[in-house]
Amino acid sequence: MWLIAGLLGMIGWVGVIELPPLLRRRHWRTFGLTIVLTLTVAVLGVYQCMFEHTFNPLNWITHGFRLIGIG
Amino acid sequence: MHTGLTVRGFTVLTIMFTIGTSILIAPAGLAMDAAQDAWLAALLGLALNLAMVGLYIAIGERMGERHLVAYCAAVLGRWAGWAVGLAFVGFFYLLSALMIGDLGYFLTTQTLTQTPIEVLQLLFICFVCYAVKLGLRAYTNTAEIFLPWIVGLFLVMIFPVFSRMTLTNFEPVFEKGILPILQGGWHFYGLQEMVVLLMIYAFVPRHGRRSGFVWGTFIGGLFLILTTLGALAVVGPDITANQLFPAYTLAKNINIGHFLERVEGIMIFIWVLTIFFKIVICFHGASRGFAFLFGLHNEKPLVVPMAVGLVVLSLMCYPNTIYIQSFITKVWTPFATLFMVVLPLLLLAVSLLRNAAAKLREPGDAGSAG
Amino acid sequence: MQGWRKVGALGALLLALLLCGCWNRHELSELSLVVGMAIDKAEDGYRIAVQVVNPGQVVAQKGAGVSSTVVLFEEEGKTLPEALGRMTTRTPYPLYFAHLRMVILSEEVARAGIAKPLDYLSRNNEMRNDFYFAVARNSTAAEVLKITSPIESIPANSLYTKLETSDQVWAATGKITLLELTQDLATEGRNPTLTGIRVVGNKSAGDSMSNRQYIDPPVELVYDGMAVFHGDRMVGWLTEMDTKIMNYVRNRVKKTTAIQPCPNPEEGTVTLRVERSHANIDVKLTDGEPVFLIDVRLEQDIADMECAMDLSKLDTLYQVEKVSNERLDALLKSSIAGVQRRFGSDIYGLGKKLHSKFPREWASIDDWNETFRNVRIDVRGTAILRRIGTTLQPIDYRTRE
């Protein structure tokens, strides 16, 4: 629940404070990337909140190392 | 490049970085591997770190004014360099997320048990964002300001050890031979990740930065060795191995004449600070590297979403305490070695080869890139 | 504008400092400070009693005290934390353990094994590891916490300071913290011992503030001997003398008092104050078997001389010293042999020394406690007499003259 609040805060901050200067200075790439990152984090965050077991990169790493005999 | 960063500032950052999360959790792992020889394992780990620092200095001196990710592109060419750079960025980002996770679990286990972990982490992330946005020079100055605090509080923690230590806790030395010490040292060195500092190295004044890097690592390592020695001497190897946060247990024993006691809460200050700086440095490196890879002029707009992403990633990666223990003891060091040893060696090797190749082609000129 | 930014930053910082602990805030007036805990055995699990401070009564020292300074709450549960959880149906405020001073175990619990209840005490983040343990000798553990104490208004504190003081000047008790106890349990070469506590007097009279109104309180709590453990199970009690010897060997004696007969035994007894004591444990391998040498060295002063002897002569001093040495040797030998025979439990830490010095031999021993029963232990006691107090000749001597 608090994570959602944090995510909303992030979206608000990015939208209000980060993006306008980028628009003004026409830094399109930064603008686009910021939006992409914000949305990715928001989606992942909501997903994590709703389903406790999301993808865990550490599991992939552990599996990978097990394949070559470590861990 | 004039960034206003001094060699001293860099040294302080290195000290903070080395102490990082290790001061809180390393003694337990060391004691689990090497029992009463844990201090020897710590010494070995420090030696490994210093050897790695030697490697990083060799690379660092060749980097010119580029940071590590930029250097990857310069040395390995456009596509391979980009991929390796992305790997590094991923590593730094993951590392930062895991450290946020460590901090969160520590606070919720030891003191603030009823607080939701994500609240602590989000609050912490606000400060990390602020520090990263203010820039390298600002947080380096902050580190310099806080260093006396850390040293002072650390001495308060270590000083009473002398009246409570049991030297027989260190016997028998070398009981199980050299293997457990090697194991301990190996796990220990994996927790330091000094390679991240190569993101900053290029911005430190040339004169004295090499010794700064070495001294910083050495002094930070001393803090860790002293903590391990203290824990072994007072708490004993068996109990230390069984604690999740042995430094906190050690701090509980501060009792100067029934006058200065129960101050372990203040000791948390040390750990939160060192973890903070390590996270700031790692995260700054990740965001800068990311901005470079995508050709952005400035990483600052990305900081907020990436920082919140750290919290999300840490929640995804660390579902419970046992998972953390299991992952760190079994998988972390081999994984980190890829980025601490393999890739840097690759960079150095390719750089040397290119230089040699350039020299062969034109015996008069030295190579330009790398 | 710059000034405002600084104010804003400072304000934000202060707010953040305040916010962090909000979730976990405990108002002081909404806490039940637990100072003592008693663990008894129940039909299925444990019966736990906690002694909680009643702060209002502690401060108001005038008057005999309308209500007690502490309150006892008892509850049963299969495990320690379950009982404590169930206890919240009785306590007015949540229990707060950071000020725990004493944990009393009943003999039944001690004999059944203390490892199980100890896990909660170790694992809990609120508890520290500097509280002391005691085993109740002639009562339930809860009954120990029901006795009021003179002078010190909080009984658990009184037990705490009593133990510390007697540990300082009288070697027949032992203050064991949670840290030391867990260390001993984790070390194979040393078995734990815990001090015993006895209720002297009419138990039921103790549970009342009136117990504090007497010059000679009808009920008292007295520390008596130490319990010997085999791992985490109690196997027996040590006598006062055995406890002293054990404390000598484990280097725990700071000061103590010892008596011995005069060189001419009919005359009476000499009392000595031991000011310094140091023991050294060494081990050698003879024919592959470990042989231990315990070397105890004491420095003592004459505190009381009943003998009619001329103390201005050096010879007298040496005679007293000689008796001291012989007696120390004999006591060490008999006490340690007795412990070997009766309990077969290494409470001295000899195993740890063997482990330190000869790790390979240590690794080849299966059951150290069994081996300990029969292992050869040589003792050497050295007592050095230094001072004699502020007068020279014993009054007995001068009177006879």
Side-chain angles (χ1 to χ4, degrees), chain A residues 1-49 51-71, chain B residues 90-91 93-95 97-98 101 104 115-126 129 133 287 290-291 293-320 323-324 326-339:
Chain A
M1 183 188 58
W2 295 99
L3 185 61
I4 305 283
L7 292 171
L8 288 173
M10 167 184 75
I11 294 175
W13 176 278
V14 169
V16 172
I17 300 186
E18 302 283 6
L19 292 182
L22 294 174
L23 280 172
R24 260 186 282 124
R25 297 181 203 151
R26 298 179 204 274
H27 290 141
W28 302 124
R29 223 189 304 183
T30 316
F31 182 81
L33 213 51
T34 311
I35 293 190
V36 168
L37 276 178
T38 311
L39 288 175
T40 315
V41 169
V43 166
L44 282 175
V46 171
Y47 194 75
Q48 169 69 22
C49 267
F51 313 102
E52 169 88 14
H53 302 287
T54 45
F55 6 85
N56 187 340
L58 299 189
N59 278 338
W60 310 334
I61 298 173
T62 314
H63 277 298
F65 274 91
R66 280 222 190 102
L67 286 175
I68 60 173
I70 302 176
Chain B
F91 177 65
Y93 193 70
L94 182 65
L95 181 59
L98 295 184
T115 317
I117 191 172
E118 57 264 27
V119 172
L120 287 168
Q121 292 172 327
L122 283 170
L123 208 55
F124 199 75
I125 225 73
C126 294
C129 279
K133 278 195 173 236
S287 52
F290 190 78
L293 289 175
F294 290 90
L296 310 177
H297 69 291
N298 182 1
E299 77 273 7
K300 297 210 173 146
L302 300 174
V303 167
V304 173
M306 280 181 87
V308 178
L310 281 182
V311 176
V312 175
L313 186 59
S314 106
L315 291 171
M316 279 162 50
C317 287
Y318 278 165
N320 58 61
Y323 189 91
I324 303 177
S326 167
F327 181 76
I328 293 183
T329 47
K330 298 208 188 98
V331 186
W332 178 252
T333 308
F335 175 66
T337 310
L338 279 176
F339 300 92

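The chains referred to below are lettered A, B, ... by the order of the sequence lines, with proteins before strands, and numbering in each begins at 1. Since the structure is predicted, the reported quantities are computational estimates derived from the model, not experimental observations. Note: hydrogens, waters and symmetry copies are ignored here, and every other heavy atom, side chains too, is used.
- Considering CG of B:Leu296 and OG1 of A:Thr34, their distance stands at 7.5 Å, rounded to 0.5 Å.
- A ring pair (Phe, Tyr, Trp, His ring centres under 6.0 Å) check over residues 293-320 of chain B, counting only residues at least two apart or in different chains, returns the pairs A:His27-B:His297, B:Trp82-B:Phe294, B:Phe290-B:Phe294.
- Here B:Ile117 contributes atom CD1 and A:Trp2 contributes atom CH2; the two are 15.5 Å apart, rounded to the nearest 0.5 Å.
- The greatest number of non-hydrogen atom pairs below 4.5 Å with chain B, out of A:Leu39, A:Asn59, A:Thr40, is found for A:Asn59.
- Heavy-atom pairs under 4.5 Å with chain A peak, among B:Gly295, B:Cys129, B:Pro116, at B:Gly295.
- The contact between B:Phe327 and chain A is made entirely by side chain atoms (from C-beta outward), counting heavy-atom distances below 4.5 Å.
- Interface remark: of the candidates A:Leu7, A:Leu44, A:Val14, A:Val41, A:Val41 forms the most heavy-atom pairs closer than 4.5 Å to chain B.
- Heavy-atom distances place the side chain of B:Leu122, and not its backbone, under 4.5 Å from chain A.
- Considering only heavy atoms from C-beta on, A:Leu58 stays 4.5 Å or farther from B:Phe335 through its side chain.
- Using a 4.5 Å cut-off between heavy atoms, A:Leu22 contacts chain B through its side chain alone, with no backbone atom that close.
- Contacts between A:Phe55 and chain B at a heavy-atom distance below 4.5 Å involve backbone atoms as well as side-chain atoms.
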Show me the side-chain donor-acceptor pairs of residues 298-313 of chain B shorter than 3.5 Å, one per line, residues at least two apart or across chains.
from	atom 1	to	atom 2	distance (Å)
B:Asn298	OD1	B:Lys300	N	3.0
B:Glu299	OE2	B:His284	NE2	3.1
B:Lys300	NZ	B:Lys133	O	3.1

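- There is no contact between B:Ile125 and chain A, counting heavy-atom distances below 4.5 Å.
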